[in-house]
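Proteins come first, then strands; the chains are lettered A, B, ... in the order of their sequence lines, and each starts at number 1.
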Amino acid sequence: MAEAKRFSRYTRNEKTFLRLGKNGLDAKNNGLPERKLVNEIQEGPKSFEEIRNVLKSDFNAAIANAKKNDWIQIEKGESSSKISLKGKALPSPEEKLIDFLGAEEKLLNDIEDIDALTLLKKRPDFITENFTKFKTISLSEKAKDIDVDSSTGAIDVEAKVPVTYVARIHPLKETINEIREIFVSLGFSEVLGNLAQPSFWNFDALFTPQDHPAREMQDTFYLKDMKASKFATSTQINQVSRSHKKGWRYDWNMSEAQRMALRTHTTCVTIKHLADNKPDESRIFSLGRVFRNEKVSYKHLAEFNQVEGVVIGKNVTLRDLMGLQEEFYRRIGLTKIKFWPTFFPYTEPSLQSMVYNDRLGKWIELFGMGIFRPEVTKPLGITKPVLAWGGGIERIAMLKYGLDDVREFYNNNLNWLRSATKCQ
Amino acid sequence: MPVVQLYLDRLQKLVGKKSNNNKILSKIPFLGLDIEEQTKEYLRVEYSPNRPDYATDFGIALGLQGLLGIKKGMPKLSIKKGNYSLKVDSSVQKIRPYVTSIVAKNGILDDETIQQLISLQEDLHFGIGRRRKKTSIGIHDLERIVFPIKYTTVTKNHKFVPLDSSNDSSITEILEKTEVGQQYGSILNNSSKVPIILDAAGNTISFPPIINSALTKVSTKTKNLLIEVTATEKNAAEDTLAVLATTLQAAGFQLFSVTISGANNSTPLLKPRKIILSAELVNNILGLNLSSSMIANSLRKCRIDAVAKTNKISCIIPRFRFDIFGPMDLVEEVVLGYGIENLKPSLPPSISVGQKNDITKVLDSLSLIMIGLGYTEALNSSLVSNKIQYELTNRSNSEVIQVVESKSLEHTILRDAIMPGLLENLSKNVHEQYPQKLFEIGTVFLKANPIREDTHLAGISAHKDTNFSEIKSILQSSLKIGFNIECETKTSSHPIFSEGRMANILVNNKIVGVLGEIDSKVIDNFKIRVPVTAFEIQLSGLIFD
């Protein structure tokens, strides 16, 4: 702003700082290879072999540089060549530069012998460079003439100011909290449950047969060597196993039901709550992390959030389920919705909701819903119809924040966390 | 979810003269099919695994005819008595006890039809077949087979020319050297004898569930087919055969029976089932007031035979609809036939007052306090990598909880602490403005008969002047202002923190967490260039039970 009014001058500069690298520091303390060579032949000429034994991998560099500095001469003998001193080996420009740099950081501009620097830079790990960009602001001639109004203390109120970052709730958490509030306002109470669950509640209780492809390791995270011991009442276990034998015609296996898995949906929490409490009339919801053994991509995460609402009651209907759905979407600002048939192993009938997204210009699939199958409810002693619906929360948050890559929510990129608009 | 490719021209011909592409496209989603891709020539649609009859355009056309009102009611199977027989040897009982079969004649197999049949076969193998373990299918050129045929067992020295090969191979070679052998051989459990189907001339027809013989390979010149399904469960075998028979009949083949006998096997009848549906159930569940005849008409549009009686509907379910378990499944069919678009959503009043869980409430309060203290919320996975959780933080744990066969290297173990994730977050943000202050509240996991889940809070501060006092002050305020909890800090040591700059957090003389200045080696490991301080505290048992 001050610059715009030509009160200040503004220049950008870059400074380069140099310091000795690992090998440079080593040379400072112990000498360059060519200096070591000179030290070796101080007492008289020595053969190639003798020198090579001392200098090892530095040998070639030492010979080349010592010759370049005109410090040595080589006499070719019959069996071996000998190296001898040519005169007084005065410090080379490279040695002088190493001395000048010492252990400190020096400005590039302060270095006189640029040729020596070029030579040292060719040696690996001798010199490290650091660049610093800086800006200089100085008052212009015009500014020096300004009289500050000392009576009022007025300042330039139009001037730009530095950015202040606010500490804040994670944007995904904002969506989660918003969804939780909507469920509560629609009369639902929250039920929590563990993330690690026995397969019994995650699959068996939901009439998913034990040899079903969805239960394979390709889709579900099982915990290595972990089995649940007490996880359900014996009546619950007996009834569920009987329902599987009758419906799917196979030998139900207890140890398969005991395998601990990371829950693949929150339905395991709601079904256990219903089975343990058997309410005749109730509205509950469960919200939290769920897991799928999927390759992580812009579309899929291995761990994400899901919400699921459940209504149990004597007179609840599929139309009620659709109405609750519509109201839920209306409250998060989605008004163009329609319903399509779909399939879930534990609900019948099952529907999915499609929501029109203006930004993408197309219908996208959001929450799924249905009425729990009698094969699920009956064995657990649940006698009234149960409406259930739910789905991933990240999908809704992606619409809200205009993201195309779901991984962004878990990158914790501060630039995004600090700048994403809170109220959208 | 499986996908099928549908050529619109072909599909329109199959559905019938009264249809057109627009009508077809509008009804596709109402069969439960998701359109994945659409061009002028074709569609790619996803279908549900419980409807393998939708694996081909023939099956989808049957469904569309119903919804469009072109043909209603059950597509009846017409199976003529055939002059073919299959004898089952009792030796198969121990290994793969059931076989079923049918002959399909006088059809035309163009390339696309063969494609559709192959994809149907693959889907049946994967779904109801449980990757061929439960059922597997062989489709053969009938003309190459001499009847009667026999389902029996042979030793692994038995030789034949397998499909797509020109040389004789022994069973052992097939199991060891071919891709299908390696993939499915384990189904046979290393049995010394394996199942085989031989014809009257002694030729091998099929080695189930692994591979067919080259002899009976089907091509576009084939007019007549033999279908065989072997299985570990008789119903599953006949369910599978029913889908194949229905599809082939829709593709223009005539069906002929194969007489099967021996070792508890029998000729498949593929008979439909009868279910009585009450109109009251339908209306209660859907929230409608439909007459029995309206319900019956809706069911017929879903290709189910239905006759309306007073308050009841008598339904006949074709054999291939084994996804229908009972009356509730028929309620869904009524919705589809009636039209979801005709169902009006209704918003029932709530009889209950909703509430958040008490734990959620205290955690929300704690978040607000951390925000007030200038900390921004981070969210990390609870499934993490060994590298970040232990290697880079200098920690070790003999009780790590691992997941089995994770598809991603970043997600192989469950976290026992939140702090390593926050360090990783700092590491990814070194180019952003400092100070950087983050917190996370989340679940951590410990081994304990079999597993315990605790909720932790961790806070981390990174800037050039951060120190022990700063982070202790933050911890102290969050507990004091949030929950009136006084905490003490007692010196200790911990590999993630600098020696002498770390303490245990104690509340009522019980250790509930750790805090301190992060060790410079750990900071280096994460390539962070400023000092870092952090605390982590267990909330379960402290601010809630």
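Both the backbone and the side chain of B/L383 come within contact range of chain A, each with at least one heavy atom under 4.5 Å from a heavy atom of that chain. With a 4.5 angstrom heavy-atom cutoff, B/P327 does not touch chain A via any of its atoms. Interface remark: A/L186 contributes backbone atoms only to the contact with chain B (heavy atom separation under 4.5 Å). Contact of B/T443 with chain A is made through the side chain alone, with heavy-atom distances under 4.5 Å. With a 4.5 Å cut-off on non-hydrogen atoms, B/E233 touches chain A through its side chain but not through its backbone. At a 4.5 Å heavy-atom cutoff, A/I284 makes no contact with chain B through either its backbone or its side chain. Contact of B/Q402 with chain A is made through backbone and side chain together, with heavy-atom distances under 4.5 Å. B/L414 touches chain A through its side chain: at least one heavy atom from C-beta onward sits under 4.5 Å away, while N, CA, C and O do not.
Between B/I285 and A/P349, the closest side-chain pair of non-hydrogen atoms falls below 4.5 Å. A/V163 has its side chain out of reach of B/Q433: every pair of non-hydrogen atoms, C-beta onward, lies at least 4.5 Å apart. Between A/D211 and B/K133 there is no side-chain heavy-atom pair separated by less than 4.5 Å. Two residues are said to be in side-chain contact when any heavy atoms from C-beta on lie closer than 4.5 Å; B/L288 and A/R319 meet this criterion. Using a 4.5 Å cut-off on side-chain heavy atoms (C-beta onward), A/M322 and B/K344 make no contact. Two residues are said to be in side-chain contact when any heavy atoms from C-beta on lie closer than 4.5 Å; A/Q352 and B/D34 meet this criterion. By the 4.5 Å heavy-atom criterion applied to side chains, B/R130 and A/P209 are counted as neighbours. With a 4.5 Å cut-off on side-chain heavy atoms, B/K447 and A/M226 count as touching.
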| field | Check against side chain to side chain contact (heavy atoms under 4.5 Å, CB included), A/L223 and B/V403 | value | CA-CA 4 Å; A/L223 301 180; B/V403 296; 3.7 Å; yes
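Using a distance-only test at 3.5 Å, with no hydrogens or angles considered, a donor-acceptor pair links the side chain of A/N412 to the main chain of B/L379. Panel note: side chain B/K407, backbone A/K295; no donor-acceptor pair is recorded below 3.5 Å. Remark: the backbone N or O of A/H170 is paired with a side-chain donor or acceptor of B/E377 at under 3.5 angstrom.
Considering CZ of A/R289 and OG of B/S382, their distance stands at 5.0 Å, rounded to 0.5 Å. Note: B/E332 CD to A/E348 CD = 4.0 Å, rounded to the nearest 0.5 Å. Rounding to the nearest 0.5 Å places OH of A/Y165 at 11.0 Å from OG1 of B/T376. Between A/T342 atom OG1 and B/L33 atom CG the span is 10.0 Å, to the nearest 0.5 Å.
Evaluation of the side-chain contact (heavy atoms from CB on, under 4.5 Å) rule for B/N429 yields A/N413, A/L414, B/E432, B/Q436 as partners, not counting sequence neighbours.
Dense packing is recorded around NZ of A/K227, with more than 12 heavy atoms of other residues, nucleotides or ligands lying under 6.0 Å away. Within 6.0 Å of NZ in A/K224 there are 12 or fewer heavy atoms belonging to other residues, nucleotides or ligands.
For residues 325-372 of chain B, every residue pair satisfying the ring pair (Phe, Tyr, Trp, His ring centres under 6.0 Å) rule, not counting sequence neighbours, is listed here: A/F207-B/F325, A/W248-B/F325.
With chain B as partner, the option from A/A261, A/P341, A/G323, A/G247 having the largest number of non-hydrogen pairs under 4.5 angstrom is A/P341. With respect to chain B, the highest number of heavy-atom pairs below 4.5 Å among A/E281, A/M260, A/E326, A/R373 belongs to A/R373.
Smallest separation of non-hydrogen atoms from A/W340 and B/I340: C-CD1, 3.8 Å. Heavy-atom minimum distance, A/E303 versus B/S381: OE1-CB, 3.2 Å.
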